[in-house]
Amino acid sequence: MSMAKPLSKLMSCVILDLDGTLINTDGIVCDVLRVHLVKFGKKWDGKKAHRIVGKTPYEAAAAIVEDYELPVTTDEFLSELTPIFSKKWGSIKGQPGANRLINHLRSHAVPIALASNSSKENVETKISFHRGWKESFSVILGGDEVTNGKPSPEIYLEAAKRLKMDTSTCLVIEDSLPGVTAGKAAGMEVVAVPSLPKQTDVFTSADEVINSLLDLKLEKWGLPAFEDWVEGTLPIEPWSIGGPVIKGFGRGSKVLGIPTANLSTEAYSDVLSEHPSGVYFGWAGLAGRGIYKMVMSVGWNPYFNNSEKTIEPWLLHDFDEDFYGEDLRLVIVGYIRPEANFPSLESLVAKIHEDKKIAEEALELPLYLKYRDDSYLKQNC
């Protein structure tokens, strides 16, 4: 997913949002609300998450009190939640690509500011759990340091002022609509990285919409390009997932001619929520059979418009029989591209085969080949 308008400006600095952009706050917020609303006899509805994303803490609390018709004031609800959230900040993980981006900008001496609707104290607490982040920012601004939070442009105008940069040379990276609106109102270029799924179409005011920070192309904005892509692949911190092979949508072999080995996502919803949708690759260990190269999609598969996030691995080996119910373990070591929609089934199939070729060749590189010996894979082979 990448929508970009023609670019004509060269940027000199980057201003980053925090929650949802650099750290996966949304997952923690949903977990807390899912538990806390039970106290009021209410059930958290994830479909309403867009009502609070990008808002100040007070605005988000007010939206929840209103939406769920809670018998408390906004101040009372916020006072209940604040200590609960404070205990959770240390467990919030960075978004995939966040460390990479911050380290890259710092190493190239690109001025960076952090501008968040959260209070300055909360911002500093959250980033203190991520090594090297605090000292990487020339400016750190919290929502309590300005009169009006996003979507007002005030916090971005103040960040540019403190950076001593003209607003036209500032690149903003945001995950929410209020944040994008604020950045554009400040006269800045804005890249949107939606933290909620299937939200691309609402970010029409952004100058570019990308799937995740892994897909950011800084050179489009006159900034130093990343130099860590290897033969069409991006090395990532390896992660693993596994379980019995289940029957999927019935479209792999029948519709696409590509036999995917589906895994249930019920036990791994938290793991999948930490990783952006897209095409990945790595190694697959199949119980009693061996270890094989693998390419897989994670996400909603826009062509088929899945209703839930799925994981669909393709083991790059010709098997004589199905292996439903057998234990499959995956070690994911690299990223190829964001998921995308296609104008036809033929173009989708062609792209999948292109992904296969990229994965097969990349997994011969020592960088990736070493993970074939991962103990997680060998526990059942």
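Just so it is clear, the structure is predicted and the values come from calculations on it, not from any experiment.
- A side-chain donor-acceptor contact under 3.5 Å links Glu339 to the backbone of Trp300.
- Of the possible polar contacts, one joining the Asn103 side chain to the Asn99 backbone as a donor-acceptor pair under 3.5 Å is found.
- Taking the side chain as every heavy atom from C-beta outward, Trp314 and Asp355 never approach each other to under 4.5 Å.
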(request) Decide yes or no on salt bridge (Lys or Arg N to Asp or Glu O under 4.0 Å) for Arg289 and Glu326, but give the supporting numbers first. (result) CA-CA 10 Å; Arg289 294 177 183 262; Glu326 296 185 28; 2.8 Å; yes

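- With sequence neighbours excluded, no residue forms a side chain to side chain donor-acceptor pair (under 3.5 Å) with Asn24.
- Criterion: ILVMFWY side-chain heavy atoms under 4.5 Å apart, direct or through other members. Under it, Met188 and Phe203 are part of a common hydrophobic cluster.
- Listed by chain and residue number, His108, Leu218, Pro224, Phe226 satisfy the side chain to side chain contact (heavy atoms under 4.5 Å, CB included) test with His104 (two or more places apart in sequence, or in another chain).
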Pair up each side-chain donor or acceptor in residues 229-244 with any protein partner under 3.5 Å, not counting sequence neighbours, and list the distances.
unit_1, atom_1, unit_2, atom_2, d
Thr233, OG1, Val230, O, 2.6
Thr233, OG1, Tyr368, OH, 2.8

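- No side-chain N or O of Asn122 forms a donor-acceptor pair with one of Ser118 less than 3.5 Å apart.
- Residues Val193 and Val29 share a single hydrophobic cluster, defined by chaining ILVMFWY side chains whose heavy atoms lie under 4.5 Å apart.
- Taking Glu69 as the reference, nothing meets the salt bridge (charged side-chain N to carboxylate O under 4.0 Å, His left out) condition, with sequence neighbours excluded.
- A distance of 6.0 Å separates CG of Leu369 from CD of Glu364, quoted to the nearest 0.5 Å.
- With Asp207 contributing its side chain and Val190 its backbone, the two residues share a donor-acceptor pair below 3.5 Å.
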(request) Determine, stepwise, if the pair Tyr292 / Phe319 fulfils ring-ring contact (aromatic ring centres under 6.0 Å, His included). (result) CA-CA 11 Å; Tyr292 309 94; Phe319 293 93; 5.1 Å; yes

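- With hydrogens and angles ignored, the 3.5 Å screen pairs a side-chain donor or acceptor of Gln95 with a backbone N or O of Gly20.
- Both Ile23 and Phe137 belong to a common hydrophobic cluster when Ile, Leu, Val, Met, Phe, Trp and Tyr are linked at side-chain heavy-atom distances under 4.5 angstrom.
- Atom CG of residue Leu105 and atom CG of residue Leu171 lie 9.0 Å apart, to the nearest 0.5 angstrom.
- There is a side-chain donor-acceptor pair under 3.5 Å between Ser195 and Asp26.
- No donor-acceptor contact under 3.5 angstrom links the side chains of Asp45 and Tyr68, judged on distance only.
- With sequence neighbours left out, Lys357 forms a side chain to side chain donor-acceptor pair (under 3.5 Å) with Glu361.
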(message) Please determine whether side chain to side chain contact (heavy atoms under 4.5 Å, CB included) holds for the pair Glu208 and Lys217, giving the CA-CA distance in whole Å, both sets of side-chain angles, and the decisive distance to 0.1 Å.
(response) CA-CA 10 Å; Glu208 183 180 20; Lys217 305 295 183 185; 5.6 Å; no

Less than 3.5 Å apart, which donor and acceptor atoms pair up between the side chains of residues 139-149 and the rest of the protein, not counting sequence neighbours?
unit_1, atom_1, unit_2, atom_2, d
Asp144, OD1, Lys120, N, 2.9
Glu145, OE1, Gly142, N, 2.8

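- Every residue was checked against the ring pair (Phe, Tyr, Trp, His ring centres under 6.0 Å) condition with Tyr371, not counting sequence neighbours, and none meets it.
- Leu214 and Val298 fall within the same hydrophobic cluster, defined by Ile, Leu, Val, Met, Phe, Trp and Tyr side-chain heavy atoms under 4.5 Å apart, directly or through other members.
- Ring planes of Trp89 and Phe85: parallel class, angle under 30° (limits at 30 and 60°).
- Of the possible polar contacts, none joining the Lys42 side chain to the Leu37 backbone as a donor-acceptor pair under 3.5 Å is found.
- Between Met296 atom CE and Ile336 atom CD1 the span is 10.5 Å, to the nearest 0.5 Å.
- The CH2 atom of Trp221 sits 7.0 Å away from the CE atom of Met11 when rounded to the nearest 0.5 Å.
- With hydrogens and angles disregarded, no donor-acceptor distance shorter than 3.5 Å links the side chain of Arg329 to the backbone of Ala287.
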(request) For Lys126 and Asp19, run salt bridge (Lys or Arg N to Asp or Glu O under 4.0 Å): C-alpha distance rounded to whole Å, both residues' side-chain angles, the deciding distance at 0.1 Å, then the answer. (result) CA-CA 9 Å; Lys126 291 171 186 174; Asp19 298 299; 2.9 Å; yes

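- In this view, Tyr280 satisfies the side chain to side chain donor-acceptor pair (under 3.5 Å) rule with no residue, not counting sequence neighbours.
- Checking Glu76 against Ser79 by side-chain atom types alone, no donor-acceptor pair falls below 3.5 Å.
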(message) If you apply the rule side chain to side chain contact (heavy atoms under 4.5 Å, CB included), what do you find for Ile102 with Leu22, and how did you get there?
(response) CA-CA 9 Å; Ile102 292 171; Leu22 292 180; 4.1 Å; yes

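- A side-chain donor-acceptor contact under 3.5 Å links Lys309 to the backbone of Leu272.
- With rounding to the nearest 0.5 Å, the separation of OG in Ser138 from NZ in Lys164 is 11.0 Å.
- Not a single salt bridge (charged side-chain N to carboxylate O under 4.0 Å, His left out) links Arg372 to another residue, sequence neighbours left out.
- In this structure, Glu274 places its CD atom where more than 12 heavy-atom neighbours from other residues, nucleotides or ligands lie under 6.0 Å away.
- Side chains of Thr125 and Ser128: a donor-acceptor N/O pair is absent below 3.5 angstrom, by distance only.
- If you chain together hydrophobic residues whose side chains sit under 4.5 Å apart, Val38 and Val35 never meet in one group.
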(request) Output, in order, the C-alpha distance, side-chain angles, deciding distance and verdict of side chain to side chain contact (heavy atoms under 4.5 Å, CB included) for Phe77 and Phe40. (result) CA-CA 11 Å; Phe77 188 61; Phe40 300 98; 4.1 Å; yes

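- Judged purely by atom type and a 3.5 angstrom limit, Asp374 uses its side chain to pair as donor or acceptor with the backbone of Tyr376.
- Here Tyr58 pairs with nothing under the ring pair (Phe, Tyr, Trp, His ring centres under 6.0 Å) rule; sequence neighbours left out.
- The side chain to side chain contact (heavy atoms under 4.5 Å, CB included) with Leu114 is formed by just one residue from the set Asp17, Thr21, Leu16, Ile15; it is Leu16.
- Nearest heavy-atom pair across Tyr156 and Gly179 is CE1-O, 3.8 Å.
- Other residues, nucleotides and ligands contribute at most 12 non-hydrogen atoms within 6.0 Å of the NZ atom of Lys93.
- For Ala60, the side chain to side chain contact (heavy atoms under 4.5 Å, CB included) partners are Ile52, Lys55, not counting sequence neighbours.
- In summary, the side chains of Asn262 and Thr310 do not present any donor paired with an acceptor at a separation below 3.5 Å, with no hydrogens or angles considered.
- Side chain of Asn211 to main chain of Ser277: a donor-acceptor pair is present (N/O by atom type, distance under 3.5 Å, no hydrogens or angles).
- Within a 6.0 Å radius of CD in Glu227, no more than 12 heavy atoms belonging to other residues, nucleotides or ligands are found.
- The side chain to side chain donor-acceptor pair (under 3.5 Å) search around Glu80 returns His36, Lys39, not counting sequence neighbours.
- At distances below 3.5 Å, at least one donor-acceptor pair connects side-chain atoms of Lys150 with backbone N or O atoms of Ala115.
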